Amino acid sequence: MNFKKLFHMQKELDQRIETQHKLHQERLMERKILALLVEIGELANETRCFKFWSVKPPSKEEVILEEYVDGLHFLLSIGLELNMTDLPTFHVLDASDRLTEQFLTIFDEASSFKDSLSVESYLRLFKYYLQLGKSLGFSMEQIYHAYVSKNEVNHIRQSQGY
């Protein structure tokens with residue numbers, strides 16, 4: 001996956017949002033971390049992996065993928081706060097944990113990142129997020145194309161006063 005391009009696209013969107021909403025002097029890291037956590041929760045909700053009390057199936061794949069890339073937008077935006085412009089090559093392994101465990105691990109990693117704000121912690125969080133995408137059945141190519149598509153939607157939303 002071309003993370004350099006994704007960071008560039010996210011930077012353009014972030015700059016547009018910050019200009020349009022006059023946020024250049026604002027510290028946004030905490031809000032971005034909270035937004036990421038909310039998006040991860042929305043993703044978990046669509047997978048229904050934790051809903052032991054329900055027989056309703058998970059949402060359709062395209063809904064889950066869209067929620068996944070919503071989280072990716074905030075992960076990239078957080079990386080920009082750390083002056084990241086690319087990522088090292090990750091070897092994303094198949095996860096042996098259940099989806100519920102993976103979500104909990106990602107929440108833990110996001111919390112650890114919030115406390116440290118270190119690049120090392122960020123990279124670990126990103127790796128677990130990519131692993132979750134793989135466990136959800138998404139290829140890197142699917143994720144990339146879904147991100148590009150949702151990024152375009154986000155620009156359109158900004159033009160419409162979202």
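Since we're looking at a predicted model, the values are computed, not measured.
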query = Do Gln160 side-chain atoms and Arg157 backbone N/O form a donor-acceptor pair below 3.5 Å?
reply = no

task = Mind listing the closest non-hydrogen atom pair of Ile64 and Ser59 along with its distance?
result = CD1-O, 3.4 Å

remark   = Shortest non-hydrogen pair, Ser112 vs Ser121, comes out as C-OG, 3.7 Å

task = Identify whether the distance between the nearest side-chain nitrogen and carboxylate oxygen of Glu109 and Lys127 falls below 4.0 Å.
result = no

query = Tyr122 versus Leu75: any side-chain heavy-atom pair under 4.5 Å?
reply = yes

Using residues 80-88 as the side-chain source, report each donor-acceptor pair under 3.5 Å to any protein atom, sequence neighbours left out, with the distance given to one decimal.
| unit_1 | atom_1 | unit_2 | atom_2 | d |
| --- | --- | --- | --- | --- |
| Glu81 | OE2 | Lys32 | NZ | 2.8 |
| Asp86 | OD1 | Lys4 | N | 3.3 |

ask   = Phe138 and Glu61: which non-hydrogen atoms are nearest, and at how many Å?
value = CE2-CG, 3.5 Å

message = Please check if the number of heavy atoms outside Lys11 that lie under 6.0 Å from its NZ is greater than 12.
response = no

request  = Measure the spacing between CG of Leu6 and NE2 of His73 and express it to the nearest 0.5 Å.
outcome  = 8.5 Å

inquiry  = Classify the ring geometry of Phe126 against Phe3: parallel below 30°, tilted from 30° to 60°, perpendicular beyond 60°.
reply    = perpendicular

message = Checking the side chain of Ser111 only, and the main-chain atoms of Phe107 only, is there a donor and an acceptor separated by less than 3.5 Å?
response = no

task = Could you pull out the closest heavy-atom pair between Ile143 and Gly133, with the gap in Å?
result = CD1-CA, 4.4 Å

request  = Over all heavy atoms of both residues, which pair between Leu132 and Tyr68 is shortest? Give the atoms and the distance, please.
outcome  = C-CE1, 4.4 Å

query = In this structure, are over 12 heavy atoms from other groups packed under 6.0 Å from Tyr147 atom OH?
reply = yes

